[in-house]
Amino acid sequence: MDWTAYQAAAYVAVAQHGPLEPSEIVAMTDVPQGRVYDIMGQLEGNAVNIQGHQPKRYQAQHPRSLLGDKQDEFNEKADAAIGHLEQQHEIQRERADPRHPAWVMPGISGTKRELVDAINSAEDRILLMDHDGKWIQSNQIRDLGQLVDDDVTVEVIGWSGWSDKLEQLVDDAGARAWTQERFDSSLALVDDELAIMRFGRGDTGVKIEDDESVNILLKAFKTSKENATEV
């Protein structure tokens with residue numbers, strides 16, 4: 001989905017709390033008052049439906065209808081995580097925790113920034129599964145090594161095509177690493193509380209702070225590790 005940040009924020013708000021009026025969307029997001037009708041007009045028919053006229057109320061289309069065409073790119077566990085988020089959408093329950101359980105990060109730069117920030121704040125363990133590893137440069141290897149020195153567990157599953165970088169993570173950073181050939185998605189799990197996912201080789205990421213979804217992805221990582229080859 002080639003969405004802007006405003007479009008993504010508006011859809012997430014409507015999916016979690018809808019149906020919503022334009023003024024309510026503005027209050028819950030960073031969408032400017034003067035652009036809300038334009039932003040929602042771009043989502044009409046594709047991601048949201050309209051209820052009423054004066055004022056309009058927007059209801060999110062089911063997440064499955066938006067993500068279904070990408071299902072071949074998702075592995076079984078990632079699909080289970082999406083299914084859990086769908087359940088949250090359907091019941092639209094109030095949460096005592098004020099954090100949003102999940103939100104979209106359009107653009108590879110935004111996803112990478114969230115990923116690096118999350119890794120640098122880790123206190124217990126970091127689990128990474130990545131197809132290309134392009135974001136891992138010498139400074140990231142150094143930072144991961146510092147975390148290992150601070151007793152943070154770092155485990156990485158990567159594609160065999162960048163085994164040299166995986167060996168650097170083992171030799172220079174003190175991480176444990178494995179290789180595997182097939183990747184349907186890339187993900188990072190930090191302190192068993194936060195997940196950041198990138199589907200396929202696209203630029204859009206999803207940040208998840210929902211306990212049940214994170215636990216599903218932890219099981220997916222464990223399964224992948226059992227079937228991978230240690231470096």
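When reading the values below, keep in mind they use all heavy atoms of this one structure, side chains included, and skip hydrogens, waters and symmetry mates. Residue indices begin at 1 and follow the sequence shown.
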Exercise for review: Could you tell me whether the side chain of Ile208 reaches within less than 4.5 Å of the side chain of Leu194, counting heavy atoms only?
Suggested key: no
Review point. In this structure, are over 12 heavy atoms from other groups packed under 6.0 Å from Glu230 atom CD?
Key: yes
Point to revise | Pairwise side-chain contact, Ile126 with Thr153, heavy-atom cut-off 4.5 Å (strictly under) | key: no
Point to revise | Electrostatic pair Arg125:Asp191 at N-O distance under 4.0 angstrom | key: no
Exercise for review: Using a 4.5 Å cut-off on heavy atoms from C-beta on, say whether the side chain of Tyr58 contacts that of Leu20.
Suggested key: no
Exercise for review: Output the distance between atom CG (Leu127) and atom OG (Ser224), rounded to the nearest 0.5 Å.
Suggested key: 11.0 Å
Point to revise | Minimum-distance pair of heavy atoms, taken over all atoms of Ala60 and Val14 | key: N-CG1, 3.2 Å
Review point. Above 12 or not: heavy atoms from other molecules or residues under 6.0 Å from CG of Asp149?
Key: yes
Revision key, fill the gap. Output for pair (Leu217 CG, Met197 CE), nearest 0.5 Å, gives 5.0 Å
Practice item. Determine, step by step, whether Glu209 and Glu193 satisfy the side chain to side chain contact (heavy atoms under 4.5 Å, CB included) criterion, reporting the C-alpha distance in whole Å, the side-chain angles of both residues, the deciding distance to 0.1 Å, and the verdict. Key: CA-CA 6 Å; Glu209 291 183 308; Glu193 296 177 349; over 6 Å; no
Exercise for review: Would you name the heavy atoms of Ala118 and Ser121 that are closest together and state the gap between them?
Suggested key: O-OG, 2.9 Å
Practice item. Establish, from distance only, whether the side-chain atoms of Gln42 and Asp38 form a donor-acceptor pair under 3.5 Å. Key: yes
Check your understanding: What closest approach, in Å, do Val31 and Ala10 show between heavy atoms, and which atom pair accounts for it?
Key -> CG2-CB, 4.4 Å
Review point. From Met129 CE over to Leu189 CG, what is the distance, rounded to the nearest 0.5 angstrom?
Key: 8.0 Å
Exercise for review: For Asn49 and Gln61, test the side chains for any donor-to-acceptor distance below 3.5 angstrom and give the result as yes or no.
Suggested key: yes
Review point. How many angstroms lie between CD1 in Ile157 and CG in Leu166, if you round to the nearest 0.5 Å?
Key: 10.0 Å
Check your understanding: Should the pair Lys56-Glu44 be classified as a salt bridge under the 4.0 Å nitrogen-to-oxygen rule?
Key -> yes
Point to revise | Taking every non-hydrogen atom, the tightest pair across Pro19 and Arg57 | key: O-NH2, 3.2 Å
Check your understanding: Do Val48 and Tyr11 come within less than 4.5 Å of each other through their side chains, counting heavy atoms only?
Key -> yes
**Study point:** Distance, nearest 0.5 Å, that separates CG of Asp124 from CG of Asp150
**Key:** 12.5 Å
Practice item. Salt-bridge test for Glu155 and Lys225: reply yes if a basic N is under 4.0 Å from a carboxylate O, no otherwise. Key: yes
Practice item. Flag the pair Val170 / Arg176 as yes when at least one side-chain heavy-atom distance between them is below 4.5 Å, and no otherwise. Key: no
Review point. Within the side chain of Ser213, is there an N or O that forms a donor-acceptor pair under 3.5 Å with the backbone of Asp210?
Key: no
Review point. Looking only at heavy atoms, which two atoms of Leu115 and Ala188 are closest? And how far apart?
Key: CD1-CB, 3.2 Å
Exercise for review: Could you walk me through whether Met40 and Ile25 pass the side chain to side chain contact (heavy atoms under 4.5 Å, CB included) test, one step at a time?
Suggested key: CA-CA 10 Å; Met40 299 312 296; Ile25 296 170; 3.8 Å; yes
Exercise for review: Grab the two heavy atoms, one from Ala122 and one from Val190, that are nearest each other, plus how far apart they are.
Suggested key: CB-CG1, 3.7 Å
Practice item. Taking Gln7 for its side chain and Thr4 for its backbone only, find out whether a donor-acceptor pair lies under 3.5 Å. Key: yes
Point to revise | Name of the residue among Asp130, Ile196, Leu128 meeting side chain to side chain contact (heavy atoms under 4.5 Å, CB included) with Ser186 | key: Asp130
**Study point:** Separation of Asp143 CG from Ser138 OG (nearest 0.5 Å)
**Key:** 9.5 Å
Exercise for review: Using a 4.5 Å cut-off on heavy atoms from C-beta on, say whether the side chain of Thr179 contacts that of Trp159.
Suggested key: no
